[in-house]
Enquirer: 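So that we are looking at the same thing, I have put the structure below in structure tokens.
One-based numbering, in listed order, for ligands and for the atoms of each.
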Amino acid sequence: MADKIRVLLSEEEVNRRISEVAGQISRDYEGKELHLICILKGGVFFTCELAKRLTVPVSLDFMSVSSYGDDTKSSGVVRIVKDLDEPLKDKNVLIVEDIIDSGRTLSYLMEVLKQREPAGIRLCTLLDKPERRVKKQVKVDYTCFTIPDEFVVGYGLDYAQKYRNLPYIGVVEF
Ligand code: IMP
Ligand code: MG
């Protein structure tokens with residue numbers, strides 16, 4: 001049976017905001033090359049839309065992670081399901097995520113990736129749910145939208161692997 005989905009951010013709003021953030025990133029990295037790391041699967045739509053709008057030279061790599069446990073039991077341990085193809089040494093790295101929730105995934109990932117000696121590493125997210133943050137040390141450099149504590153789908157985000165292909169961000173009305 002189909003779930004009811006309420007539009008939170010329309011396709012136009014999302015695309016307009018991605019253009020703004022891409023402009024800011026392009027200015028910040030002017031004269032440099034940028035290595036984007038897309039966090040699969042959720043980050044894939046956002047990564048494409050962002051990358052298309054960047055005016056600095058861009059290279060792309062992909063990583064897939066899965067976290068263990070739930071909010072009450074999570075150990076903060078994240079398993080790398082698919083690692084990067086390329087080394088990060090001396091690159092200007094920008095991690096591209098769909099959403100930062102508890103911050104556990106990114107807190108772990110940042111530590112792992114810093115050990116690969118990039119020139120610098122920053123974090124860019126489509127959505128941020130700060131109310132849910134457990135790992136307060138996670139610093140987000142670029143956020144498209146800060147949203148309330150609601151479960152959202154679309155633009156890469158899923159509910160039981162569905163709805164990633166919605167061109168807008170919606171709230172599932174359970
Ligand atoms: P964190 O480690 O708690 O920050 O988890 C982030 C991950 O949880 C994201 O990359 C998503 O895969 C998933 N997630 C968190 N909130 C939502 C949501 O509202 N909708 C869909 N996935 C979510
Ligand atoms: Mg994700």
Enquirer: Do Arg17 and Glu20 sit within salt-bridge range, that is, some charged N less than 4.0 Å from a carboxylate O?
Expert: yes
Enquirer: Atom 20 (N) of ligand 1: which of Thr105, Val152, Leu109 has the nearest heavy atom?
Expert: Val152
Enquirer: Does Asp83 have any salt bridge (charged side-chain N to carboxylate O under 4.0 Å, His left out) partners at least two apart in sequence or in another chain, and if so, which?
Expert: Arg116
Enquirer: With under 30° as parallel and over 60° as perpendicular, where do the rings of Tyr29 and Tyr142 fit, or are they tilted in between?
Expert: tilted
Enquirer: Lys32 side chain to Asp28 main-chain N or O, any donor-acceptor pair under 3.5 Å?
Expert: no
Enquirer: With a heavy-atom distance limit of 4.0 Å, tell me whether Asp98 approaches ligand 1 through its side chain, its backbone, both, or neither.
Expert: side chain
Enquirer: If you count the atoms of ligand 1 from 1 in the order shown, which ones are under 4.0 Å from a heavy atom of Lys129?
Expert: 16 (N), 17 (C), 18 (C), 19 (O)
Enquirer: Can you tell me if Gly42 has a non-hydrogen atom under 4.0 Å from ligand 1?
Expert: no
Enquirer: What pairs with Ser107 under side-chain contact (heavy atoms from CB on, under 4.5 Å), at least two apart in sequence or on another chain?
Expert: Lys135, Gln137, Val138
Enquirer: Hey, are Lys41 and Asp98 close enough for a salt bridge, meaning a charged N less than 4.0 Å from a carboxylate O?
Expert: no
Enquirer: When you measure from atom 14 (N) of ligand 1 to each heavy atom in Ile99, Asp128, Ile100, which option holds the nearest one?
Expert: Ile99
Enquirer: Under 4.0 Å, heavy atoms only, figure out whether ligand 1 is touched by the backbone of Leu157, its side chain, both or neither.
Expert: side chain
Enquirer: Does ligand 1 have an atom that lies less than 4.0 angstrom from a heavy atom of Arg133?
Expert: no
Enquirer: What atoms of ligand 1 come closer than 4.0 angstrom to any heavy atom of Asp158?
Expert: 21 (C)
Enquirer: Would you mind telling me if ligand 1 is within reach of the side chain of Arg132, the backbone, both or neither, using heavy atoms under 4.0 Å?
Expert: neither
Enquirer: Closer than 4.0 Å to some heavy atom of Glu97 - which atoms of ligand 1 meet that?
Expert: 10 (O)
Enquirer: Is it true that Ser19 and Arg53 share a donor-acceptor pair across their side chains at a distance under 3.5 Å?
Expert: yes
Enquirer: Check this for me: does any side-chain nitrogen of one of Arg6 and Glu150 sit under 4.0 Å from a carboxylate oxygen of the other?
Expert: yes
Enquirer: List ligand 1 atoms under 4.0 Å from Glu150, heavy atoms only on the residue side.
Expert: 19 (O)
